[in-house]
K.L.:
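Sharing a structure here in structure tokens format.
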Amino acid sequence: MSADATGPERLLRRSVIGVGPYVPGAGARELKARTGRTDLIRLNWNENLLGPLDGVLDAVAASLPDAWMYPEETDEEFRDAVAAWAGAGPAQVIPGHGIQALTLSLVAAFIEPGDRVVIPRPTYGLYTSVCAVAGAEVIRVETDPDTLAFDLYELARVANEVSAKLVFVCDPNNPTGLRARRRDWDAFLQALPDRCLAVADEAYADYIEPGERIDRLADIDAGRPVVVLRTFSKIFGLAGLRLGYMLVHESLAAHLDAVQEPFNVNCAALAAGLASLDRVDQLPTRRAQAAAARERLVTPLTAAGIRCLTSHASFVLVQVGGDDVGVCEALAREGLLLRAGREFGLPGYVRVTIGPEALMDRVADALVAAVGGR
């Protein structure tokens, strides 16, 4: 018997073995070493290049003298502030250190070994790895190969066929930027099997005008089987502080809190969240900046005959043809980090995080040169 077979690894749950960690793509350090450039601009991880809203970092600095205390009161304040902004009750708000951690908590609360979970492809990769580690049987449903849009009715049909416990819907979807429509969402909920929960990841929903979004809190309040995941990483620019929350029916709140560690969000992140919610009047400007930046990228690419999917998020998926990795390498040599589509099952595409308009001009020029010059 090998040393590995007799070591502590043999005590692992079988479902953990072989899954491996979630890999978000090549990091800046690795690419700096490979390209020799120290001025790389990160457009591969969907971070907000604008940073936090004005004044938020000052609030974070002011919170640090209280770092010796557990953030009990601040946690309650944050729940209340999120509830007021979202139109929910404080008991419906479950804070967490990012959507990743909240997904882990959700799966821990609902999934037992052998349960079935339906997940479209392509979408955010963490759902699959977390469910697999929990011992679930993961059923993937392919999107339309031409439009890359997932069919909500097909997700519900498969969920019925396999008696799924959870169905994950990222809206707008990562990596495509495509969004669901209310009538399709309503039909999807109506068609779900009994004892099946829809998990709606709205990480990028803040980039959609509020009046155009699906009101999933109304679904929750109506007793429909829905939970919503949201984050402060994207439009609020707080990815480094790890802050998010779930919206749930009050009947689920105590159970979901039970599978999270106490005080799981640190005081600096909570202070940043509270300060951000005091400044939501800045969000319309950010939303407009994002829309203008997307257009600044897409227009010259489209004019050059390069297909771009219609995005409602903080990134654009671009069809570059065969060698998406080669295109990303070419742009890395120009100091621009993009995400190769084959990393999430879409060879021939690259995903570009949006940023300031002048930067989008630079990216568009580099993509036209790389794609045209292959």
Side-chain angles (χ1 to χ4, degrees), residues 24-51 122-124 143-149 172-179 204 207-208 234-235 286-374:
R29 179 179 297 182
E30 173 192 339
L31 288 166
K32 284 177 182 177
R34 199 155 77 222
T35 63
R37 295 191 67 128
T38 59
D39 59 345
L40 294 173
I41 300 174
R42 291 156 60 122
L43 299 171
N44 57 334
W45 282 5
N46 291 345
E47 297 151 320
N48 190 332
L49 274 65
L50 299 178
T123 195
Y124 183 41
T143 58
D144 183 291
D146 296 320
T147 67
L148 299 185
N173 191 27
N174 178 14
T176 65
L178 302 173
R179 58 180 289 196
Y204 299 94
Y207 289 97
I208 302 172
K234 304 306 177 185
I235 203 167
R286 288 223 156 170
R287 205 172 288 121
Q289 288 173 318
R294 287 195 304 259
E295 189 64 25
R296 194 74 166 252
L297 175 66
V298 167
T299 298
L301 293 179
T302 303
I306 300 172
R307 179 191 177 209
C308 302
L309 270 68
T310 301
S311 174
H312 300 273
S314 60
F315 56 84
V316 175
L317 189 68
V318 180
Q319 189 171 18
V320 296
D323 187 8
D324 51 292
V325 172
V327 169
C328 287
E329 290 287 347
L331 267 73
R333 290 192 292 272
E334 299 294 323
L336 302 166
L337 300 186
L338 310 185
R339 186 83 184 268
R342 70 186 57 205
E343 293 181 8
F344 36 73
L346 287 177
Y349 290 83
V350 299
R351 192 188 66 192
V352 185
T353 303
I354 60 171
E357 292 185 37
L359 177 59
M360 295 297 94
D361 292 343
R362 180 181 163 192
V363 174
D365 288 345
L367 273 173
V368 169
V371 175
R374 285 185 296 111

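Keep in mind that this is a model prediction, so the values were computed, not measured.
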K.L.:
Using modelled atom types and a 3.5 Å cut-off, is there a donor and acceptor pairing between side-chain atoms of Asp324 and backbone atoms of Arg342?
P.N.:
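Looks like yes, one N/O pair under 3.5 Å.
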K.L.:
Check each of Ile41, Val352, Val316 against Val363 using the side-chain contact (heavy atoms from CB on, under 4.5 Å) test, and report the only one that passes.
P.N.:
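Exactly one candidate clears the test, Val352.
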K.L.:
Given Thr353, which partner from the list Asn44, Asn48, Asn46 fulfils the side chain to side chain donor-acceptor pair (under 3.5 Å) test?
P.N.:
Asn46
K.L.:
Going through the distances and angles, do Leu359 and Leu49 end up as a side chain to side chain contact (heavy atoms under 4.5 Å, CB included)?
P.N.:
CA-CA 11 Å; Leu359 177 59; Leu49 274 65; 3.6 Å; yes
K.L.:
Quick check against the 3.5 Å criterion: does Asp144 have a side-chain atom that pairs as donor or acceptor with the backbone of Thr147?
P.N.:
yes
K.L.:
Start with the C-alpha distance between Leu301 and Val368, add both sets of side-chain angles, then the distance that settles side chain to side chain contact (heavy atoms under 4.5 Å, CB included), and finish with yes or no.
P.N.:
CA-CA 7 Å; Leu301 293 179; Val368 169; 3.9 Å; yes
K.L.:
A side-chain contact here means heavy atoms from C-beta on lying under 4.5 Å apart; do Leu331 and Leu43 qualify?
P.N.:
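The answer is no; the side chains never approach within 4.5 Å.
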K.L.:
Strictly under 6.0 Å, is that where the ring centroids of Tyr349 and Phe344 end up?
P.N.:
no
K.L.:
Just how far is it from atom CZ of Phe315 to atom NZ of Lys234, taken to the nearest 0.5 Å?
P.N.:
8.5 Å
K.L.:
If you compare all heavy atoms of Val325 against all heavy atoms of Ala340, which two are closest, and at what distance to 0.1 Å?
P.N.:
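Heavy-atom minimum between the residues: CG2-CB, 4.0 Å.
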K.L.:
Using every non-hydrogen atom in the two residues, find where Glu295 and Pro300 come nearest and quote the distance to one decimal.
P.N.:
O-CD, 4.3 Å
K.L.:
Residues in salt bridge (charged side-chain N to carboxylate O under 4.0 Å, His left out) with Asp365, at least two apart?
P.N.:
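So Asp365 forms no salt bridge (charged side-chain N to carboxylate O under 4.0 Å, His left out) with any residue.
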K.L.:
Once you round to the nearest 0.5 Å, how far does CG of Leu178 lie from NE2 of His312?
P.N.:
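Rounded to the nearest 0.5 Å, the CG-NE2 separation comes out at 7.0 Å.
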K.L.:
State the CG-OG distance between Leu309 and Ser311, to the nearest 0.5 angstrom.
P.N.:
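Output value for this atom pair is 8.5 Å.
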K.L.:
Please report the shortest heavy-atom distance between Arg362 and Glu334, naming the atom on each side.
P.N.:
NH2-O, 2.6 Å
K.L.:
Quick one: does Arg294's side chain have a donor or acceptor within less than 3.5 Å of a partner on Ala313's backbone?
P.N.:
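At least one qualifying donor-acceptor pair exists.
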K.L.:
Calculate, to the nearest 0.5 Å, the distance between atoms CD and CD1 belonging to Gln289 and Ile235 respectively.
P.N.:
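Result: 9.0 Å between the selected atoms.
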K.L.:
Tell me the closest heavy-atom pair linking Tyr204 and Pro172, and the distance in Å.
P.N.:
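Residues Tyr204 and Pro172, closest heavy atoms: C-CD, 3.7 Å.
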K.L.:
Measure across Ile354 and Met360 and return the closest heavy-atom pair with its distance rounded to 0.1 Å.
P.N.:
CA-SD, 3.8 Å
K.L.:
Got Val327 and Asp323 here, is their nearest side-chain heavy-atom distance under 4.5 Å?
P.N.:
no
K.L.:
Testing the basics here: between Ala149 and Thr143, what is the closest heavy-atom pair and its distance to 0.1 Å?
P.N.:
O-CB, 3.6 Å
K.L.:
Arg351 side chain to Gly341 main-chain N or O, any donor-acceptor pair under 3.5 Å?
P.N.:
no
